[in-house]
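Counting starts at 1 for both ligands and their atoms, in listed order.
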Amino acid sequence: MENISIALPKGRMADSAITLFEKAGIAENILKDISRKLVVNDHKNLMKFMLVKPMDVPTYVEHGAADLGICGKDILLEQKKDCYEVLDLKFGFCKMVVAGPKEAKDSFLTNKRVATKFPNIAEEFFRQKGENVEIIKLNGSVELAPIVGLSEVIVDIVETGNTLRENGLIVIEEIFPSSARLIVNKASLKTKSQRIKEIIIKLKEVVETFKEV
Ligand SMILES: Nc1ncnc2c1ncn2[C@@H]1O[C@H](COP(=O)(O)OP(=O)(O)OP(=O)(O)O)[C@@H](O)[C@H]1O
Ligand SMILES: O=P(O)(O)OC[C@H]1O[C@H](OP(=O)(O)OP(=O)(O)O)[C@H](O)[C@@H]1O
């Protein structure tokens, strides 16, 4: 039987991703060992789990350092890496939006400045609308940008809307909904086809069971 390696996202998606594999019976108890250790081997099931930054998951999978990975649809659309997206895992729900102060909704600005962690998504969104914008790449706390005059609007993730509210911003336009996805290395799907398909089927069963509850 071949060894299978899986890149899981650190951060807010980690618990749900780990629980999913445990519920599917793919990894038993092994994942509780993940704390500061970045790779955990389940020798019994010939599985290797690695914990990486969410933004790095597609890189590990594209290069084949991981056969499978879990990350948000937002990251897949931003990076457009060369791997297969095979399953919507139905957690990590959020929305990609354009947001800003109320005034920004009503005014049409030329050469608007857009602060974002997602420069490619933002660029493509405004290009399709025929709007000329300047993209300002940030790595976090994006809601600060319009407050301090770094940008007129932002393109960012919204879930509860609390961060926008607390910073006096509103949603101006929705771009797309996002949730966690299972991705697969293209070559692995051919060379380790049987094991990978078994894993996909087991995860799908868990995802569908949760949906019915
Ligand atoms: N507020 C949120 N609520 C629900 N899902 C979110 C939220 N923010 C982000 N997500 C989803 O979870 C994924 C991982 O987000 P997380 O904040 O853990 O990592 P990150 O954005 O790369 O930040 P960091 O730089 O802190 O690692 C995102 O790609 C997105 O799909
Ligand atoms: O609608 P809410 O439920 O308030 O969630 C939205 C916030 O969550 C994410 O930020 P994160 O917590 O990842 O921090 P960051 O600013 O460092 O990216 C996102 O970028 C928003 O800022």
Query raised in the report: Nearest heavy-atom pair of Met50 and Ala66: which atoms, and what distance?
Result: CE-CB, 4.0 Å

Report task. Ignoring hydrogens and angles, tell me if any N or O in the side chain of Lys53 forms a donor-acceptor pair with the backbone of Gly11 under 3.5 Å. Result -> no

Requested in this report: For the pair Glu78 (side chain) and Asn120 (backbone), establish whether a donor and an acceptor sit closer than 3.5 Å, ignoring hydrogens and angles.
Outcome: yes

Query raised in the report: Heavy-atom count around Lys81 NZ within 6.0 Å, excluding the residue itself: above 12?
Result: yes

**Report entry** Check ion pair Arg113-Glu152 (N to O, under 4.0 angstrom)
**Finding:** yes

Query raised in the report: Is the closest basic N to carboxylate O distance between Glu123 and Arg127 below 4.0 Å?
Result: no

Query raised in the report: Heavy atoms under 4.0 Å from ligand 2: which residues qualify?
Result: Arg12, Lys117, Gly140, Ser141, Glu143, Asp156, Ile157, Val158, Glu159, Thr160, Gly161, Asn162, Thr163

Query - CA sep, side-chain torsions, deciding dist, call: Lys80, Glu124, salt bridge (charged side-chain N to carboxylate O under 4.0 Å, His left out) - result: CA-CA 12 Å; Lys80 297 209 163 77; Glu124 195 178 327; 3.1 Å; yes

Pairs of nitrogen or oxygen atoms, one from ligand 1 and one from the protein, closer than 3.5 Å: please tabulate them with distances.
residue  : atom   : partner : partner atom : Å
ligand 1 : 1 (N)  : Arg12   : NH1          : 3.3
ligand 1 : 3 (N)  : Glu159  : OE1          : 3.3
ligand 1 : 8 (N)  : Arg12   : NE           : 3.3
ligand 1 : 17 (O) : Arg12   : NE           : 3.2
ligand 1 : 18 (O) : Arg12   : N            : 3.1
ligand 1 : 21 (O) : Lys117  : NZ           : 3.2
ligand 1 : 27 (O) : Lys53   : NZ           : 3.3
ligand 1 : 29 (O) : Asp74   : OD1          : 3.2
ligand 1 : 29 (O) : Asp74   : OD2          : 2.9
ligand 1 : 31 (O) : Asp74   : OD1          : 2.8
ligand 1 : 31 (O) : Asp74   : OD2          : 3.2

List the atom pairs, with distances to 0.1 Å, where a side-chain N or O of residues 95-103 and a protein N or O form a donor-acceptor pair under 3.5 Å, not counting sequence neighbours.
residue : atom : partner : partner atom : Å
Lys95   : NZ   : Glu174  : OE2          : 3.1

Could you pull out all donor-acceptor pairs under 3.5 Å where a side-chain atom in residues 82-89 meets a protein atom, sequence neighbours excluded?
residue : atom : partner : partner atom : Å
Asp82   : OD1  : Lys186  : NZ           : 2.7
Glu85   : OE1  : Lys73   : NZ           : 2.7
Glu85   : OE2  : Arg181  : NH1          : 2.8
Asp88   : OD1  : Lys90   : N            : 3.0
Asp88   : OD1  : Ser179  : OG           : 2.8
Asp88   : OD2  : Ser179  : OG           : 3.4

